[in-house]
Amino acid sequence: MSIAENLLSIKNNLPEHVALVAVSKTKPIADLMEAYNAGQRIFGENKIQEMEGKWEEMPKDIQWHMIGHVQTNKVKFMAPFVSLIHGVDSFKLLKEVNKQALKNDRFIDCLLQMHIAEEETKFGLDDDELNSILASKEFKDMKNIRITGLMGMATFTDNQDQVKKEFSHLKSIYDKLQSQKIENCQLNTLSMGMSGDYKLAIEFGSTMIRIGSSIFGTR
Ligand SMILES: *Cc1c(COP(=O)(O)O)cnc(C)c1O
């Protein structure tokens, strides 16, 4: 199937409240344009410089999502245009995003990335780190960021029960936050689910899925 066909077959079967991020990392602009021409407007990249290059070349009505791990010293390159940063996993990074957003006279929407997987290697905050960020005065004083939700990645495993447990854990954190009134937070996004597990993620309350290989083919 073509990129456009892959895209539409996923998109046409999504519930209305679930947004689709087309994860286009490593793929050439021609591939992204095929998805664009089929109606896709949200693209996800995991390297800032690659995203910047594509942003420069491509139509300006695209929303660019940074889904990868972000190095603090590179935030400035995406601050003028990034539409959502999924992988905010430290206070230091959040401070830098706020600073660069201020420099660009704008708000930058961020998701806090939670560590839900068993693997040691996956980035993310634990519950204590999350709570201490949200409770801090310094956080409340940040004027140029908005926390719009949470992001998480499940363990890469065939064990469905494991994945279900992790998605349900993330959803419970999200629900708990949503029930509170927190400065700088307007929670409407739960980013969970990739090509291999997005159907399960949606069952467990995902509102945003990040799909790469099922649209663009293997990398
Ligand atoms: C690459 C990537 C995806 C997409 O993965 P696929 O399995 O190709 O759908 C989703 N989320 C993150 C954070 C990624 O790095």
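One-based numbering, in listed order, for ligands and for the atoms of each. The analysis underlying the following values was restricted to heavy atoms, covering all of them including side chains, and did not include hydrogens, waters or symmetry mates.
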Report the nearest protein non-hydrogen atom to [atom]: residue, atom name, distance rounded to 0.1 Å.
atom	answer
atom 5 (O) of ligand 1	M194 CE, 3.5 Å
atom 15 (O) of ligand 1	K25 NZ, 2.7 Å
atom 11 (N) of ligand 1	R210 NE, 2.8 Å
atom 9 (O) of ligand 1	S195 OG, 2.5 Å

Element-labelled atoms of ligand 1 that are located less than 4.0 Å from some non-hydrogen atom of I211: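 Those atoms are 9 (O).
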
Please determine if [X] has a nitrogen or oxygen closer than 3.5 Å to a nitrogen or oxygen of ligand 1.
X	value
N46	no
R219	yes
G212	yes

- Query: Going from CG on N37 to CG on L7, what distance comes out if it is rounded to the nearest 0.5 angstrom?
  - Reply: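 Answer for the CG-CG pair, N37 versus L7, is 11.0 Å.
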
- Can you tell me how far OG of S172 sits from CG of L177, rounded to the nearest 0.5 angstrom?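 One gets 9.5 Å once the value is rounded to the nearest 0.5 Å.
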
*Stepwise, does the salt bridge (Lys or Arg N to Asp or Glu O under 4.0 Å) test hold for K165 with D161?*
CA-CA 6 Å; K165 198 175 81 188; D161 288 337; over 6 Å; no

- prompt: Should one rank D197, I67, I209, V21 by closest heavy-atom distance to atom 13 (C) of ligand 1, which comes out on top?
  reply: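 The residue whose heavy atom sits nearest atom 13 (C) of ligand 1 is I67.
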
Shortest non-hydrogen separation from T207 to N188 and the atoms involved
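Taking every non-hydrogen atom into account, OG1-O, 3.6 Å.
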
What is the minimum heavy-atom distance between E50 and K27, and which atoms define it?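 In terms of heavy atoms, the two residues are closest at OE2-N, 4.1 Å.
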
- Message: Less than 3.5 Å apart, any donor N or O on the side chain of Y36 or D31 sitting next to an acceptor on the other?
- Response: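 No pair is found: no donor N or O on one side chain lies under 3.5 Å from an acceptor on the other.
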
Less than 3.5 Å apart, any donor N or O on the side chain of S191 or R210 sitting next to an acceptor on the other?
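Their side chains do contain a donor-acceptor pair, which is all the 3.5 Å distance test asks for.
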
